[in-house]
*Asks:* 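Can you read through this structure? Questions will come right after.
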Amino acid sequence: MIPVQYRALAAGVAVLLLMALAGAAGWFTNGWRHGAEIADLKRAHAEFRATLSEQALADVQADAATIRAAATEFATIQSTLAPRMTALTKELRNAPKLPADCRPDPVRVRNLDAAIDAVNQSIPR
């Protein structure tokens with residue numbers, strides 16, 4: 001027969017062993033629970049980032065369309081303005097040279113006014 005003190009020691013060791021097993025089981029269960037929470041948070045963060053990325057892509061596409069429209073408008077303006085500016089530049093170059101202290105003659109003033117009017121008319125309002 002096993003003496004009483006050994007039975008008490010065995011029971012104490014068994015209780016300690018059961019407490020250690022229960023603590024380990026609780027530890028792992030808590031780890032799984034936190035792992036699931038972390039996975040949910042990561043999923044929510046990934047969805048949020050995907051939403052932000054979609055919004056940024058939509059903004060970039062809208063900006064690209066605006067830039068494309070402005071470039072088309074610029075090309076149209078440039079194609080109509082370039083020949084007029086070339087003709088006016090040619091007239092100004094062919095005008096007689098004036099002394100430095102002289103005022104512009106009416107022909108030069110008209111040409112400059114015509115150039116200013118051409119530019120102002122090409123600006124969309």
*Asks:* Can you measure from CG (Leu21) to CG (Leu16) and round to the nearest 0.5 angstrom?
*Replies:* 11.0 Å
*Asks:* Hey, which of Gln61, Gln55, Glu54 is the one that makes side-chain contact (heavy atoms from CB on, under 4.5 Å) with Leu57?
*Replies:* Gln61
*Asks:* Which value, rounded to the nearest 0.5 Å, describes the distance between Thr72 atom OG1 and Ile67 atom CD1?
*Replies:* 11.5 Å
*Asks:* Output side-chain donor-acceptor pairs under 3.5 Å for residues 24-31, partner residues at least two apart or in another chain, one line each.
*Replies:*
| from | atom 1 | to | atom 2 | distance (Å) |
| --- | --- | --- | --- | --- |
| Thr29 | OG1 | Ala25 | O | 2.7 |
| Asn30 | OD1 | Arg33 | NE | 3.4 |
| Asn30 | OD1 | Arg33 | NH2 | 2.5 |
| Asn30 | OD1 | His34 | NE2 | 3.3 |

*Asks:* What are the two closest non-hydrogen atoms of Pro83 and Gln78, and how far apart are they?
*Replies:* CD-O, 4.4 Å
